[in-house]
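One-based numbering, in listed order, for ligands and for the atoms of each. Values below: every heavy atom of this structure, side chains too, minus hydrogens, waters and symmetry copies.
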Amino acid sequence: MEAPDREEGAATIRRASAHWGDYRVLVSGDRVIGARPAPDDPAPAPLLENAPEAQHHVTRVATPAVRRRWLDNGPGPDGRRGAPDDEYQAVDWETALDLLAGELDRVRSEHGNAAIYGGSYGWASAGRFHHSQSQLHRLLNTLGGYTASRDTYSHAAIEVLVPHVLGRRGLGDLLERPPAWEVITDHTDLVVSFGGLRVSNTWNSAGGRAAQTAEPAMRVAADNGVRFVSVSPLRDDTPDGVDAEWLAAAPGSDTAVLLALTHVLLTEGIADTAFLDGHTVGAGRLRRYVLGETDGTPKSPEWAAELSGLPAETLRGLARRMAAGRTLLNVGWSVQRTRYGEQPLWAGIALAACLGQIGLPGGGFAAGYGSTGRYGGGATPAGLPRLPQGGNPVNSFIPVARVADMLLAPGQPYEYNGEHRHYPDVRLVAWSGGNPFHHHQDLARLSRAFARPETVLVVETHWTATARHADIVLPSTTALERDDIVASQGDLRLRAAPRAVSPHARARDEYDTYAELARRLGVGHAFTEGRTSAEWLRHMYEVWRSGQRDRPPTFAEFWDAGAVDLPGRTHPSSVLADFRRAPGSAPLDTPSGRIELYSETIAGFGYPECPGHPVWLPAEEWPGSPRSGAWPLLLLANQPGTKLHSQQDMGAHSRSAEIGGRAPIRLHPADADSRGLSPGDIVEVYNDRGSCLAGVVVSDALRPGVAQLSTGTWFDPSAPDVTCAHGNPNVLTADIGTSRLAQGCTGGHVLVEVRAHEGDPPPVRAFEPPRIVRR
Ligand SMILES: Nc1nc2c(c(=O)[nH]1)N[C@H]1C(S)=C(S)[C@@H](COP(=O)(O)OP(=O)(O)OC[C@H]3O[C@@H](n4cnc5c(=O)[nH]c(N)nc54)[C@H](O)[C@@H]3O)O[C@H]1N2
Ligand SMILES: Nc1nc2c(c(=O)[nH]1)N[C@H]1C(S)=C(S)[C@@H](COP(=O)(O)OP(=O)(O)OC[C@H]3O[C@@H](n4cnc5c(=O)[nH]c(N)nc54)[C@H](O)[C@@H]3O)O[C@H]1N2
Ligand SMILES: [Mo]
């Protein structure tokens with residue numbers, strides 16, 4: 001069931017799909033020899049250039065492999081997991097699956113299913129069927145359940161806070177139905193975005209998009225008179241074409257800025273009191289806090305100027321402009337991926353409530369433009385084909401970013417969203433399609449945590465640092481090696497993504513691997529329901545099709561055509577439009593039925609770091625904090641522009657940005673000068689948690705005192721004197737939650753110092769596979 005391909009010289013051009021969109025690969029003799037944009041994509045992502053190198057790289061996992069020490073000693077804690085010189089034994093599939101089935105069975109019968117951690121956070125493939133996490137969760141559910149993870153690294157503070165403030169319906173609107181760019185173009189005067197509108201981030205959407213429409217849509221909006229203000233430490237966080245006004249606020253000062261803008265509205269009598277009266281609760285309490293009546297500190301523009309570095313008059317002028325026309329206030333996800341990340345969100349909702357435009361076309365509050373390509377791209381309420389994951393009979397979970405705490409402190413108490421909880425006692429970690437040794441904070445600590453379980457299973461396409469912490473490594477096919485169906489929420493089209501090349505070496509589809517494991521454990525049919533993966537694709541499509549009002553074409557027609565338009569697309573005009581119109585008959589599902597600017601529920605949790613209304617709290621990793629004496633630079637560990645997370649870091653496009661084989665770190669000229677650093681220098685970036693090497697880029701696109709070292713660089717612990725020789729910023733970040741409310745990831749900011757690296761830098765060995773012995 002291959003869609004027609006085109007020949008070009010010796011190569012065949014085949015369709016490919018990823019989170020970074022649809023593209024084409026050039027295939028010659030089962031090798032990917034090139035990649036190029038899809039012909040109808042208005043603004044394709046250059047990330048696609050990484051594919052050819054990554055597809056056939058030496059770090060591809062070629063065969064099942066088992067850690068030598070685990071084979072010799074049996075399951076058990078092992079402090080040498082992840083050691084760069086650790087050795088693996090190549091085994092055949094039968095041996096690997098027998099070993100693993102036996103171990104899964106041992107752990108669940110000796111310790112119960114909650115002793116299996118299967119959260120398996122990660123972005124792996126975009127396919128609706130071969131999505132690694134879904135496949136693994138389906139397997140583990142079939143085997144009796146597992147300890148799961150809740151919420152995301154992306155936006156846990158949104159997921160946990162917003163249901164208290166805007167209700168679950170508000171959360172749904174915010175994440176799935178923000179205003180379409182067309183509506184913004186027609187109705188909005190001013191878009192004020194905290195956290196910028198970073199074009200490279202819009203290249204990725206969970207599930208990919210049929211075309212990259214976000215940047216072109218922003219330009220159309222700007223051409224039609226929409227003005228953009230970007231509050232961000234980086235000037236180049238907005239597209240060139242929109243001519244955004246840059247307010248270079250200090251990172252982490254957003255709550256102060258938002259409270260000050262609210263102060264202006266309240267003190268100048270331009271807040272929408274009718275909206276506050278009719279649609280919110282707690283405005284009085286918030287007002288007393290903002291005016292300084294409760295703590296003696298008015299949250300005035302002068303006060304916020306000290307903290308943010310933005311002139312008080314600029315803030316006053318901005319507040320007046322926001323009140324004078326239709327304004328969309330966007331708080332990007334980065335702003336909440338920091339300590340106390342709940343606060344800027346809540347302060348943003350409060351400011352938008354004072355502006356009174358929530359629910360008006362193109363106005364009000366949003367959280368995520370510039371963080372993903374989906375926002376503004378429309379909505380598809382009728383859903384997408386999906387693989388049922390089954391139910392998890394085990395009621396055990398952790399907030400996703402607390403994984404190291406869980407492994408290091410089984411049985412210990414912790415707080416989450418008002419619940420007093422205890423960490424489960426995990427004996428087996430199963431991860432497929434994620435790279436915690438790229439994504440988690442304080443990687444040296446994570447390495448100590450990974451020493452604790454008795455067995456670590458990793459299913460991977462590549463020998464990542466996570467795979468190198470595993471006892472059993474199973475090779476997965478890549479998305480280019482299998483048929484799938486691809487689309488994201490709000491996408492234009494559902495696409496067929498046919499296999500472009502044969503599986504690498506002995507790699508297998510996860511579905512086939514898990515079907516075999518399930519069979520060995522006596523639940524083969526429950527896992528497969530008697531279907532092959534080809535039959536599942538057809539089945540998932542047909543189930544989806546039968547739920548659509550205007551019947552889309554049959555599966556065969558769809559697969560032949562290569563795509564179908566997603567039915568029932570909408571262009572939402574605003575978050576919570578119905579609630580605005582009729583707060584009485586369409587109340588929010590909050591305790592009060594209204595927007596909670598003060599939440600009795602949250603106040604009742606008794607968390608000083610997340611009290612009953614938004615407050616300003618200076619973080620530990622913040623320019624004015626006690627830590628900043630020793631570590632004076634605020635490092636932004638934002639998303640990499642040259643890849644998706646750590647995927648395909650060995651690809652040509654990703655490597656073209658490296659400096660001396662290391663991740664590029666951007667420094668302001670003043671900060672480079674004061675340290676005697678020049679472009680191209682190899683530096684050590686360090687604090688008390690660790691250090692990494694990076695190559696210097698000097699740029700005045702940064703606010704002074706701010707450095708930028710994006711995530712995604714493959715962790716390389718092979719050098720004796722630095723934690724990472726390659727430049728992964730997560731050797732520096734703090735492994736602490738946003739607050740006890742959301743317990744979200746705080747990897748966005750960390751205080752560091754930078755100095756020239758003395759002598760010859762150690763080699764980068766991240767892209768060498770481990771030593772594998774064959775019998
Ligand atoms: N400091 C800091 N840290 C952060 C962030 C930050 O802003 N700052 N951001 C956080 C966020 S928002 C996120 S979402 C995370 C992302 O973190 P991850 O999602 O863990 O990162 P990826 O590199 O996308 O990991 C996907 C892995 O899946 C593998 N893979 C690809 N295809 C397949 C497949 O078909 N099968 C299998 N089995 N494997 C496959 C890839 O090789 C890769 O190792 O990082 C978080 N970490
Ligand atoms: N190319 C590419 N695109 C991606 C990803 C990727 O890995 N690569 N990852 C995807 C994923 S999983 C996610 S969750 C999203 C994340 O989307 P975001 O969270 O929006 O992305 P970031 O790049 O972390 O941050 C965006 C910008 O916010 C600014 N910023 C940082 N801290 C602050 C602050 O305190 N205040 C203000 N006002 N601004 C600040 C930084 O300058 C940064 O460039 O991106 C998605 N898109
Ligand atoms: Mo994310």
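- Applying the ring pair (Phe, Tyr, Trp, His ring centres under 6.0 Å) test to F437 and every residue at least two apart in sequence or in another chain returns F450, H469.
- Set against the non-hydrogen atoms of G252, the atoms of ligand 2 under 4.0 Å away are 34 (C), 35 (O).
- Distances from ligand 1 to the non-hydrogen atoms of R482 include at least one value under 4.0 Å.
- Taking the side chain to side chain contact (heavy atoms under 4.5 Å, CB included) definition, one finds that V501 meets it with V27, D30, V32, Q55, L480, E481, sequence neighbours left out.
- Look at V459 and you'll find a heavy atom under 4.0 Å from some atom of ligand 1.
- Counting atoms of ligand 1 from 1 in the listed order, those under 4.0 Å from a heavy atom of T477 are 34 (C), 35 (O).
- Within the listing of ligand 2, atoms 1 (N), 2 (C), 6 (C), 7 (O), 8 (N) sit less than 4.0 angstrom from a heavy atom of K643.
- Residue H155 places no heavy atom under 4.0 Å from ligand 1.
- Ligand 1 lies less than 4.0 angstrom from a heavy atom belonging to Y121.
- Nearest non-hydrogen protein atom to atom 4 (C) of ligand 1 is H439 O, 3.6 Å.
- Of all atoms in ligand 2, numbered sequentially from 1 with element shown, those under 4.0 Å from a heavy atom of S200 are 1 (N), 2 (C), 3 (N).
- Taking a 4.0 Å cut-off on heavy atoms, Q639 registers as neighbouring ligand 1.
- Donor-acceptor pairing under 3.5 Å is recorded for the side chains of N730 and Q441.
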Exercise for the section: For the pair S646 and N435, evaluate side-chain hydrogen bond (donor to acceptor under 3.5 Å, both in side chains) and give the outcome as yes or no after the intermediate values. Expected result: CA-CA 7 Å; S646 70; N435 189 3; 2.9 Å; yes
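- Below 4.0 Å from some heavy atom of W123 lie the following atoms of ligand 1, by number and element: 14 (S), 19 (O), 24 (O), 26 (C).
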